[in-house]
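Quick notes on the structure that follows.
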Amino acid sequence: MDPQMNKLLKWSVQNSPQQNADGTTTAPPSAEEAARNLTPDMVNALFGGPSEAELMKAAMEVLHSNESDLENKLIAFDNFEQLIESIDNANNLEPLGLWTPLIQLLKHEDADMRRMAAWCVGTAVQNNTKAQDKLVVMNAIPTLVSTATSDSNAATRKKAIYALSSAVRNYQPAMNELVKNLPEDYPRDKTDATDMEGVDSVMDRLRSHPVDSA
């Protein structure tokens with residue numbers, strides 16, 4: 001059975017009136033309570049429609065399409081970011097082959113596209129060890145450091161710092177990569193990824209990093 005249909009069947013059973021051994025009936029949860037456990041993928045399985053994985057892939061196609069204008073790409077980016085707020089969807093980036101095209105957009109010629117790419121990276125890796133590890137494996141941290149310290153657009157730099165902050169917290173391999181790739185005048189002392197004050201100190205210095213306005 002399709003996994004989503006299996007979940008839908010379980011949901012249906014759990015939210016139906018239950019016949020007790022003593023002959024009484026337990027009323028089902030309210031519609032509001034039942035709806036909390038009904039996921040978009042379950043609804044799609046019932047009524048037909050694109051899954052969240054398919055929506056993620058479609059959004060990425062728009063982002064890399066030469067036929068899509070900037071306005072539609074930014075709409076697609078916004079939808080993509082909302083989808084990967086779910087840790088399950090964030091972890092689907094790897095099997096769907098979406099990490100590479102997302103990281104590529106960090107170097108897009110348009111500042112808004114770079115900003116949204118950094119935002120999505122930050123959302124995907126936040127409190128997500130699997131995604132944090134993937135970012136290290138893909139060697140994306142040097143790109144984020146470069147963006148955070150030299151991008152001409154202030155909003156893009158801000159989102160790159162957000163992505164770095166999310167990437168390194170409680171994940172030492174990412175913290176080590178960040179320290180290795182910081183500008184030359186930054187301290188090289190090892191920062192404990194679980195030391196939130198230490199992490200914040202690094203991020204504060206990145207925020208105040210001087211950027212050549214030329």
Side-chain angles (χ1 to χ4, degrees), residues 52-53 56-57 59-60 63-64 77 80-209 211:
E52 293 190 349
M56 290 164 62
K57 290 171 66 177
M60 190 58 69
L63 293 172
H64 280 272
F77 241 146
F80 188 81
E81 194 275 334
Q82 291 183 54
L83 285 165
I84 61 174
E85 287 178 354
S86 159
I87 194 168
D88 288 338
N89 287 339
N91 286 335
N92 262 340
L93 288 171
E94 181 174 5
L96 292 173
L98 297 180
W99 266 116
T100 295
L102 175 59
I103 296 301
Q104 289 172 346
L105 292 170
L106 289 170
K107 297 182 179 181
H108 197 278
E109 61 183 12
D110 184 86
D112 281 332
M113 292 289 287
R114 298 194 301 273
R115 173 180 59 83
M116 289 300 299
W119 189 357
C120 287
V121 169
T123 297
V125 301
Q126 192 169 48
N127 301 316
N128 186 342
T129 303
K130 286 179 65 176
Q132 288 171 305
D133 182 67
K134 186 64 180 177
L135 204 64
V136 172
V137 170
M138 294 194 65
N139 198 34
I141 287 179
T143 300
L144 287 170
V145 172
S146 176
T147 303
T149 56
S150 64
D151 198 280
S152 59
N153 182 270
T156 302
R157 294 197 302 273
K158 182 177 180 180
K159 288 303 181 184
I161 294 168
Y162 159 68
L164 287 169
S165 179
S166 298
V168 304
R169 291 182 189 274
N170 295 307
Y171 192 66
Q172 196 62 46
M175 188 73 242
N176 295 343
E177 281 298 305
L178 172 60
V179 171
K180 284 191 330 187
N181 288 280
L182 288 171
E184 291 183 1
D185 58 337
Y186 281 64
R188 298 296 166 183
D189 298 335
K190 180 177 178 180
T191 301
D192 187 342
T194 64
D195 176 8
M196 296 301 104
E197 289 187 3
V199 174
D200 287 341
S201 177
V202 176
M203 298 305 144
D204 286 343
R205 181 157 183 183
L206 286 171
R207 290 186 187 97
S208 62
H209 188 89
V211 178

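Heavy-atom basis, side chains included; hydrogens, waters and symmetry copies ignored.
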Can you tell me how far [atom2] of [Y] sits from [atom1] of [X], rounded to the nearest 0.5 angstrom?
| X | Y | atom1 | atom2 | answer |
| --- | --- | --- | --- | --- |
| E197 | D204 | CD | CG | 11.0 Å |
| E85 | F80 | CD | CZ | 12.0 Å |
| C120 | M60 | SG | CE | 7.5 Å |

Which pair of non-hydrogen atoms, one from [X] and one from [Y], has the smallest distance, and what is that distance?
| X | Y | value |
| --- | --- | --- |
| P187 | V179 | O-CG1, 4.4 Å |
| A118 | A160 | CB-N, 3.8 Å |
| A124 | A90 | O-CB, 3.7 Å |
| L164 | A148 | CD1-CB, 4.1 Å |

Review point. What pairs of residues pass the side chain to side chain donor-acceptor pair (under 3.5 Å) test when at least one of them lies in residues 167-177, not counting sequence neighbours?
Key: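 Of all non-adjacent pairs touching residues 167-177, those that pass side chain to side chain donor-acceptor pair (under 3.5 Å) are D133-Y171, S165-R169, R169-D200, Q172-N176, E177-K180.
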
pair [X]-[Y]: side-chain heavy atoms closer than 4.5 Å:
| X | Y | result |
| --- | --- | --- |
| R205 | P183 | no |
| Q126 | Y162 | yes |
| V199 | M175 | yes |
| K134 | L93 | no |
| Q132 | V168 | no |
| K158 | N153 | no |

Review point. Which residues satisfy the salt bridge (Lys or Arg N to Asp or Glu O under 4.0 Å) test with D189, sequence neighbours excluded?
Key: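 Expected list: none.
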
Point to revise | E81: partners by salt bridge (Lys or Arg N to Asp or Glu O under 4.0 Å), with sequence neighbours left out | key: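 Checked E81 against salt bridge (Lys or Arg N to Asp or Glu O under 4.0 Å); zero matches.
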
Point to revise | side-chain contact (heavy atoms from CB on, under 4.5 Å) evaluation trace for R157 with T147 | key: CA-CA 6 Å; R157 294 197 302 273; T147 303; 5.6 Å; no

Check your understanding: Looking just at side-chain N and O atoms, do S86 and D88 make a donor-acceptor pair shorter than 3.5 Å?
Key ->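 Looking only at side-chain atoms, D88 and S86 do not form any donor-acceptor pair under 3.5 Å.
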
Point to revise | Which residues share a ring pair (Phe, Tyr, Trp, His ring centres under 6.0 Å) with H64, sequence neighbours left out | key: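 Applying ring pair (Phe, Tyr, Trp, His ring centres under 6.0 Å) to H64 gives none.
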
Practice item. Could you tell me whether D151 and K107 have a side-chain N and a carboxylate O separated by less than 4.0 Å? Key: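 Salt bridge flag = no for K107 with D151.
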
Point to revise | Check: H209 ring centroid to Y186 ring centroid under 6.0 Å | key: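 Close enough - the centres of the two rings lie under 6.0 Å apart.
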
Point to revise | Flag, side chain of R188 to backbone of L182, donor-acceptor distance under 3.5 Å | key: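 Checking the backbone N and O of L182 against the side chain of R188, a donor-acceptor pair under 3.5 Å is found.
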
Point to revise | Sidechain-backbone polar pair: R114 side chain, T156 backbone, donor-acceptor under 3.5 Å | key: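 Not at all, since once roles are kept as given, no pair shorter than 3.5 Å links the two residues.
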
Review point. After noting the C-alpha distance and the side-chain angles of R207 and I161, does the key distance pass the side-chain contact (heavy atoms from CB on, under 4.5 Å) rule?
Key: CA-CA 7 Å; R207 290 186 187 97; I161 294 168; 3.8 Å; yes

Practice item. Check step by step if side-chain contact (heavy atoms from CB on, under 4.5 Å) holds for V211 and S152. Key: CA-CA 7 Å; V211 178; S152 59; over 6 Å; no

Only distances under 3.5 Å count here; give the side-chain donor-acceptor pairs of residues 135-146 to other protein atoms, sequence neighbours excluded, each with its distance to 0.1 Å.
none

Please report, to 0.1 Å, the donor-acceptor pairs under 3.5 Å made by any side chain of residues 96-106, with sequence neighbours excluded.
none

